Engineer: 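The structure is given below, and queries will be raised subsequently.
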Amino acid sequence: MLSAYLNCFKIPELRKRLFFTFAMIALVQLAAAIPCPGIDPARLKELFGNLNSDAGASGIMGMLNLFSGGAMEKFAIGALGIMPYISASIILQLMTPVIPALSKMTREGESGMQQYNFIMRLLTVGVAIVQGVMFSMAMMEPSRVGLGNVSVVSNPGAGFILQTVIILTGGSMFITWLGEMVTERGVGNGASLIITVNIVARIPSALVSLYQMVFMGSATGESQLTILHLLILVVLFVAVTVGAIVLTEGMRKIPVRYAQQRSMGFLGRSTGVQTTYLPLRVNYANVMPIIFAGAILSFVEMGIRYLPLNGVTQWISTKLAYGSPSYLVIYAALLLLFSFFWVANQFNPIQIADDFQKNNGYIPGIRPGKPTSDFLDHAMTRITLAGAIGLLILAILPMVLATSFLKIPHTIAQFFGGTSLLIIVGVMLDTMRQIQTYLISRNYDGFLSKGILRNGRTM
């Protein structure tokens, strides 16, 4: 393994791409360290201290702080990070099968993709502006999002909102451009890699918190872990990581045969059969259901805070309290719903069956046409159910740890499953595949001694 890492720097092209990727990531981290003007840093630190003690108090703020590598905690120019671009990408992916014009763009080759990407950038600017307004208002009225009553804005008002929106939008577009540069000239998918690096950047603070809980008690004095608890957490982390890898890489291979005619010269033509596989991924939707379910509950909770306090709103707030039984039930239902929704939106068994028929392909034992599409739909439904249950277990585990008697801080619990672990595992495996390709093509040993990593889709 160590020799494989050393071999990465022996290939000039790969070495150049790796150094370029490191440089772009350094710029992203720099953008996450420069604070926006008009904010009191000391009061801001006090304000965001609530994130460590109550994961549900901040809602969407906590998720954004994680994906931005702590930039929201400093209210830096890169506080929005690359999330507006990810949100715009998700919106377009959901709208493409519904809007014929967008679907046509994706089939028109390079010119169509240029128009598609231009629309995505415009949508990214719009999402960044909306999020910039929301979070600048949240800084002026932090009590509205459950962060406390500490005033952090020196001169609140329309001027602060306008200034902050321009800075945050510009910072988000700059980080988006850096991500595109990494995809084009670096190694790995730029957007996914930036999110992964931002999440990994939170690991040192999580380890410090864990050390304090084991050897000095929690910083707040709420709980203290023993060495036995620490060993259990280590074993649990290894088990959850293995589960995340299995869930990410798991697939069912459907055999597909293609009839081919070959010329035999004066003997005429003969028919041959080529066998390949159609991979049906267990976790087809990846982390999208977790993001959707968490975002919807967070936005609902945030919206309720802006409504007048009465019996109804208080009852809803109680039911949506982070970690409560009702919250877990609603969260599980939304996650399962979005898992099937994403597959239904992105996986088209009728089109796949038609493509098989046009190319003389068939699944052994299944007749072409509608029987093939029905078989694929049934198989994908069963696989999606299994993947959604596994995804649900990984998603609720951080909540259980954070709300159990151990009172594990959210900064630690988030690495025991959920979005963080799945993104880290998926992006790391994909990046290793790309590096593996360079190494094998230059006759160098790769990361695995028994062969190349299995092919998989980019996140």
Side-chain angles (χ1 to χ4, degrees), residues 45-46 48-59 61-63 65-67 69-70 73 146-148 196-248 283 287 290 293-294 297-298 320-332 335 389-428:
K45 183 177 180 179
E46 178 185 352
F48 271 86
N50 295 325
L51 284 173
N52 297 327
S53 59
D54 186 0
S58 59
M61 299 285 284
M63 181 186 299
N65 187 54
L66 173 66
F67 288 161
E73 191 172 292
L147 291 178
T196 302
V197 171
N198 287 336
I199 294 175
V200 172
R202 306 294 294 165
I203 292 181
S205 62
L207 293 177
V208 170
S209 299
L210 184 60
Y211 175 83
Q212 292 175 346
M213 292 189 68
V214 174
F215 296 102
M216 295 182 294
S218 64
T220 59
E222 294 179 355
S223 61
Q224 183 174 359
L225 300 180
T226 64
I227 298 297
L228 179 60
H229 290 144
L230 178 62
L231 293 176
I232 294 175
L233 287 178
V234 171
V235 173
L236 181 61
F237 177 78
V238 173
V240 170
T241 302
V242 172
I245 294 175
V246 172
L247 189 63
T248 302
N283 187 21
V287 297
I290 298 179
L297 288 177
S298 298
L320 293 181
Y322 184 86
S324 65
S326 56
Y327 181 94
L328 292 178
V329 171
I330 297 174
Y331 184 83
L335 193 147
I389 293 175
L391 191 65
L392 176 60
I393 295 174
L394 288 178
I396 66 174
L397 185 57
M399 302 182 197
V400 174
L401 291 176
T403 57
S404 65
F405 70 95
L406 295 177
K407 298 297 181 181
I408 303 295
H410 187 64
T411 53
I412 301 174
Q414 65 193 3
F415 293 103
F416 286 85
T419 312
S420 305
L421 188 61
L422 286 172
I423 289 178
I424 292 174
V425 168
V427 174
M428 290 301 182

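Just so you know, these numbers come straight off a predicted model, no measurement behind them. Residue numbers start at 1 and run along the sequence shown.
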Engineer: Do Thr241 and Ile424 have side chains that approach each other closer than 4.5 Å (heavy atoms only, starting at C-beta)?
Structural biologist: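 No. Closest side-chain heavy atoms not under 4.5 Å.
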Engineer: Specify the closest pair of heavy atoms between Phe416 and Leu233, including all atoms of both residues, with the distance to one decimal.
Structural biologist: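 That would be CE2-O, 3.2 Å.
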Engineer: Once rounded to the nearest 0.5 Å, what's the spacing between atom CG of Leu397 and atom CG of Leu392?
Structural biologist: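 CG of Leu392 is found 11.0 Å from CG of Leu397.
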Engineer: Among all residues two or more places apart in sequence or in another chain, which pass the side chain to side chain contact (heavy atoms under 4.5 Å, CB included) test with Ile330?
Structural biologist: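 Counting only residues at least two positions away or on another chain, Ile330 forms a side chain to side chain contact (heavy atoms under 4.5 Å, CB included) with Leu297, Leu320, Leu334.
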Engineer: Search all heavy atoms of Leu335 against all heavy atoms of Ala293 and return the closest pair with its distance.
Structural biologist: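 Closest heavy-atom pair between Leu335 and Ala293: N-CB, 4.1 Å.
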Engineer: Identify the heavy atoms of Ala244 and Val425 that sit nearest to each other, and give their distance.
Structural biologist: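 Closest approach of Ala244 to Val425, heavy atoms only: CB-CG2, 4.0 Å.
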Engineer: Closest heavy-atom contact between Leu422 and Val287?
Structural biologist: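 Taking Leu422 first and Val287 second, the nearest heavy atoms are CB-CG1, 3.4 Å.
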Engineer: At their closest point, which heavy atom of Tyr331 faces which heavy atom of Ile290, and how far apart are they?
Structural biologist: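 Scanning both residues, the minimum pair turns out to be OH-CG2, 3.3 Å.
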Engineer: Rounded to the nearest 0.5 Å, how far apart are CG of Leu228 and CD1 of Ile232?
Structural biologist: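 Result: 4.0 Å between the selected atoms.
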Engineer: To the nearest 0.5 angstrom, please state how far the CD1 atom of Ile423 sits from the CD1 atom of Ile199.
Structural biologist: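 Atom-to-atom, Ile423:CD1 and Ile199:CD1 are 4.0 Å apart.
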Engineer: Who are the side chain to side chain contact (heavy atoms under 4.5 Å, CB included) partners of Ile203, not counting sequence neighbours?
Structural biologist: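 Result, side chain to side chain contact (heavy atoms under 4.5 Å, CB included) vs Ile203: Val200, Leu207, Phe415.
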Engineer: If you look at every heavy atom in Gly426 and Thr248, which pair is closest and at what distance?
Structural biologist: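 Heavy atoms only, the tightest pair is CA-CG2, 4.1 Å.
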